Every structure is written in C-alpha cells, then in structure tokens.
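Quick note: residue numbers are just sequence positions, from 1. All values derive from a computational prediction rather than experimental measurement. Below, each value reflects all heavy atoms present in this structure, side chains not excepted, and no hydrogens, waters or symmetry copies. Read the numbers this way: they start at 1 and go in the same order the structure lists the ligands and their atoms.
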Amino acid sequence: MKKNLIIFGTRPEAIKMAPLVKQFLKDTRFETKVCVTGQHREMLDQVLSFFDIKPDYDLSLMKPNQNLYNLTGEVISGLKPILESFKPNFVYVHGDTTTTMAASIAGFYAGAKVCHVEAGLRTNNLLSPFPEELNRQVASRVATYHFAPTIKAKENLLKENIAKENILVTGNTVIDALLASSKRVEQLVNEDVVYLTSKINVNSRIILVTGHRRENHGQGFINICAALKDIALKNPNLEIVYPVHLNPNVVKPVNEFLAKIKNIHLVKPLSYPSFVWLMNKAYLIITDSGGVQEEAPSLGKPVLVMRDTTERPEAVEAGTVILVGTNTSKIISETQALLDNSDKYKSMSSLHNPYGDGKACQRIVEFISRL
Ligand code: UD1
Ligand code: UDP
C-alpha cells in the first residue's frame, strides 16, 4: 500500500490541504497520515477544527514573533524522526511558506517523492513576496510531481525545464474547500456571526480588510492604516471590518492607528466559515492575501490588492483584482471609485472561476493512484 504524508503548518495551507486530506483518507488504496508543523497555532487549529482533521503528528513549533532561521531549521529537524519511522512514498507540501520549503527539503532527504500542490506560481522577484517566492522555487527544485492550479502556472514550470509528464493542471484546491464549505456557510449562526451582527449593520456597505505580508511590515502597514482611516472618516455609513492577523508586526500598527475609529471594526482572525460568510456580505475586499485573491472571483467580489506584484495574474486579467500596492492615495482613490462609480463596480464584480471547478483533489488522487 502506498504511504502518503501530508505536511502543512499555516492557516492557508490547512484550508487548501484539508480537501486533499479528506480525499486521501477515504481512499483505501493509500495509507495517509497528516503532520502539522504548528508554524501557526490558533489560526491553524481553527481550520483543523472546522474540517475535523486530527493530525497524526504535531511539531508544535510556533513561538511568539518567530524568525525564519529557527523555523526553517526546526521544521527540517522536527520532521526527521517522523519521516524515518513512517517512511512515506509520497510527501505532500503546499504553496510557499517556510513549512512548505523546509518540509519539501526534508521529504527529499528522506527519499520520498515530493508532491507540490499549488505549484508554479511565480513573480520571478525573490523579494516580492518575501520569502514566499524563494520558498516555492525551492519546492519546485526538489519536488518530483507538480500540481499546478492553472495553465499559466504550468507554463512557468515548463520554462524551468520541469518535465511535462510530471506536471498536472488541477485547478486550485482552495475552490474545493470553498465549495465544500459554502452549503455550511449559507445559514451560518456561530459566535463570530452573532458578534459581528451585533456590532455592524450588515445591510450597509462593508469593506473587508486583511493584511499580513512581511514586505508590508513597517511603513507599508502605516500607509495602509492611513488609507483606511481616511476612507472610514470620509464615508461614515460604511462599515470596515478587519480581522487582524495575529503576527505582532501587524497587530501593533493596526491597533495603534485604527482602534478608535467608530466605523472600523478590528476583530480577531475569523474561523474559515465565518470569513467566507463575511466575504459574501462584503461590498469590496482590500487585502494582501494570496488565498483571498483566489476566492473572491468565485464570489464575484472586487478586490484591491495591497501589493506591487502578484503571482496570480488570472484574476487581474478577469477584471476582479486591481493591484494598488501600499500607496495611501492609490488605496483611497481606487476604493472611492468603487464606492461612487456603479459601472466600475459592476465591471469588477461579475463571477469568474479562473482558479478551478472544485475537483482539484480528485485529480491529484487519480494521478498518484496511476503511478
Ligand atoms: C506566514 C507565512 C506566509 C503566509 C502566512 C499566512 C512564512 C515565512 N510566512 O506568515 O507565507 O502567507 O503565514 O497567514 O512562512 N501568530 C500567532 N498565532 C497564529 C499565527 C501566527 O500568534 O496562529 C503570530 C506569532 O507571534 C508568530 C507570528 O505570528 O510568531 C508570525 O507567524 P509566521 O508564520 O512566522 O508568519 P506569518 O506572518 O503568519
Ligand atoms: N481567512 C480566514 N479567516 C480570516 C482571514 C482569512 O479563514 O480571518 C482565510 C481566507 O478565506 C483564505 C486564507 O485564510 O482562505 C488566507 O490566508 P492568509 O491571508 O493568512 O494567507 P495567504 O493566502 O496570503 O498565504
């Protein structure tokens, strides 16, 4: 029986790997185990609980304000005994985090075939996003099998001389997760929803904000906060809801600049279904998140992306996403245009599915079963 070890560590990896875990666990041709590095803790556990996944191994690595050096080393050395005792044939990693990069190296050292899910995204700028562009390029070097979400991602891999028979275009597993959750979200009543509906008028226009990118820490976040404050004060009927990422480099500036503004609501990270519920209610999303850029087109929500580059050009081409960087006046002017100009709003809010049809995990399992 083929043995799979699925490894992840952060919130977005967990959301995007959860449907793959489910798909493999119900397939009796495989013995599948799940290892979490615990690069994230609360934000990872929220996802594990929603998808009801109980990891076989948990490295519990997260430390307050952790650094890349320690984390990278601890993922590799933490995985050694697990890889040596379980001896998986296939190790699955996702995307571009430190867990992804370090786990792919560990899997390679152990002689397993490394399978990279969400492979082939590129900005080709190692500093943006930092360190994610390096992480995914490293994963591509050590992986044997590459599950590309889009044709563009496959083309990026072909340019790097990866053999075409080892690449499969699957769609993004984030759409599998979104579709699997959407029924449970329609009538959602949970703690988050009760809290939010008591604090905000859900019938007014809601701007949903998230942000965490390392290259935006410092001045970038100061610029973002200045823009949000200006937008909130100029549009008093608007509700801005901001689930704040737990990274202290985000928590500090956001609370310093925005805590006292009446129509800005700073809340803790929401559980995945609550966040999807809020995306559905939102008029507009302002974010630097990768995953949110992929979910929003499927929900028909315009997105302003607070980055200068994106490895997800499909949504920009589809017209759902505009890159605004962390330039205060650009964030303000593009937001105001979407609030005031209904034609512009309509042209950005039609439904698209550039990132998949919800069957990515099925395709991955079929591919592996044929090997
Ligand atoms: C990480 C990933 C990034 C990904 C993001 C998703 C790296 C280098 N960065 O960034 O690619 O887009 O996750 O959110 O892999 N913290 C908590 N609780 C949590 C999670 C984080 O308290 O559940 C705090 C801790 O103080 C932690 C800090 O946030 O040390 C930073 O976490 P880390 O995973 O290193 O970086 P992120 O900014 O979350
Ligand atoms: N998300 C969530 N709760 C929140 C904010 C985001 O569940 O409060 C989900 C969101 O739906 C998406 C993922 O988290 O699937 C994105 O994670 P993040 O922005 O942290 O990471 P990135 O995608 O940028 O790597």
Side-chain angles (χ1 to χ4, degrees), residues 8-19 36-51 60-72 74-75 93-103 118 121 128-136 138-139 172-178 181-182 185 192 196 208-217 221 241-252 266-280 282 285 287-296 298-299 301 303 305-307 310-312 355:
F8 50 90
T10 66
R11 169 174 69 190
E13 294 165 79
I15 292 169
K16 292 165 162 184
M17 285 298 228
V36 297
T37 62
Q39 175 177 338
H40 281 177
R41 191 71 273 167
E42 302 89 322
M43 289 160 59
L44 172 72
D45 292 346
Q46 279 182 321
V47 183
L48 294 174
S49 145
F50 174 65
F51 287 99
S60 295
L61 292 182
M62 196 190 85
K63 298 194 177 63
N65 213 1
Q66 63 207 2
N67 66 68
L68 299 175
Y69 306 86
N70 289 357
L71 190 59
T72 303
E74 286 165 19
V75 171
V93 297
H94 179 278
D96 55 21
T97 69
T98 295
T99 287
T100 315
M101 181 267 293
E118 199 185 81
L121 276 63
S128 177
F130 174 89
E132 289 81 4
E133 179 69 10
L134 174 78
N135 290 341
R136 56 191 171 224
V138 170
N172 197 308
T173 60
V174 78
I175 305 299
D176 300 31
L178 190 64
S181 319
S182 50
V185 166
D192 291 336
L196 287 168
L208 173 58
V209 181
T210 75
H212 67 83
R213 298 246 81 86
R214 262 183 164 70
E215 64 274 17
N216 289 346
H217 291 173
F221 268 96
V241 185
Y242 186 164
V244 184
H245 190 291
L246 295 178
N247 191 322
N249 299 294
V250 178
V251 173
K252 191 167 178 284
L266 303 179
V267 294
K268 292 217 172 75
L270 298 174
S271 69
Y272 180 61
S274 311
F275 190 76
V276 175
W277 175 86
L278 193 55
M279 277 197 286
N280 267 316
I285 302 173
T287 187
D288 63 16
S289 162
V292 176
Q293 286 178 64
E294 295 157 343
E295 292 159 341
S298 292
L299 303 171
K301 300 294 171 182
V303 184
V305 173
M306 299 182 290
R307 294 179 45 188
T310 181
E311 55 290 298
R312 295 168 169 90
Y355 296 111

Heavy-atom distances under 4.0 Å are what count here, so tell me which part of [X] touches ligand 2: side chain, backbone, both or neither.
| X | result |
| --- | --- |
| I15 | side chain |
| P243 | side chain |
| Q46 | neither |
| K16 | neither |
| F275 | side chain |
| H212 | side chain |

- Item | Modelled atom types, side-chain donor and acceptor of T72 and T98, under 3.5 Å |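 Absent: no donor and acceptor within the cut-off.
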- Item | Distance-only side-chain donor-acceptor flag, T37 / T99, under 3.5 Å |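 A pair is found: one side chain offers a donor N or O, the other an acceptor, under 3.5 Å apart.
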Geometric N/O contact [X] with ligand 2, under 3.5 angstrom:
| X | value |
| --- | --- |
| P12 | no |
| P269 | no |
| V292 | no |
| H245 | no |
| T210 | no |

- Task: Start with the C-alpha distance between E13 and H40, add both sets of side-chain angles, then the distance that settles side chain to side chain contact (heavy atoms under 4.5 Å, CB included), and finish with yes or no.
- Result: CA-CA 10 Å; E13 294 165 79; H40 281 177; over 6 Å; no
Side chains of [X] and [Y]: does their closest heavy-atom pair fall under 4.5 Å?
| X | Y | answer |
| --- | --- | --- |
| Y355 | S298 | no |
| W277 | D192 | no |
| M62 | M43 | no |
| P129 | E311 | yes |
| E118 | T100 | no |

[X] heavy atoms, cut-off 4.0 Å: which ligand 2 atoms fall inside?
| X | value |
| --- | --- |
| G290 | 22 (P), 23 (O), 24 (O) |
| Y272 | 7 (O), 11 (O), 15 (O) |
| R213 | 24 (O) |

- Message: Given 3.5 Å as the limit, does a donor-acceptor pair link the side chain of D288 with the main chain of M306, or not?
- Response: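 The answer is no, because no donor-acceptor pair under 3.5 Å joins these two groups.
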- Query: Is there a donor-acceptor contact under 3.5 Å from the side chain of D96 to the main chain of R136?
  - Reply: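 It does not hold such a pair.
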Minimum-distance protein heavy atom relative to [atom]:
| atom | result |
| --- | --- |
| atom 17 (O) of ligand 2 | R11 NE, 3.6 Å |
| atom 8 (O) of ligand 2 | L270 N, 2.8 Å |
| atom 11 (O) of ligand 2 | E295 OE1, 2.9 Å |
| atom 16 (C) of ligand 2 | S289 OG, 3.5 Å |
| atom 23 (O) of ligand 2 | G291 N, 2.7 Å |

- Let me know which protein residues bring a heavy atom to under 4.0 Å of ligand 1; chain then number is fine for ordering.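 Within 4.0 Å of ligand 1, protein side: T10, P12, Q39, H40, R41, E42, M43, M62, K63, P64, N65, Q66, L68, T97, T98, P131, E132, H212, R213, R214, H245, L246, N247, P248.
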- Message: Suppose we screen for ring-ring contact (aromatic ring centres under 6.0 Å, His included). Which residues come up paired with H212, at least two apart in sequence or across chains?
- Response: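 In terms of ring-ring contact (aromatic ring centres under 6.0 Å, His included), with neighbours along the sequence ignored, H212 is linked to H245.
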- Decide yes or no on salt bridge (charged side-chain N to carboxylate O under 4.0 Å, His left out) for E132 and R213, but give the supporting numbers first. CA-CA 10 Å; E132 289 81 4; R213 298 246 81 86; 3.3 Å; yes
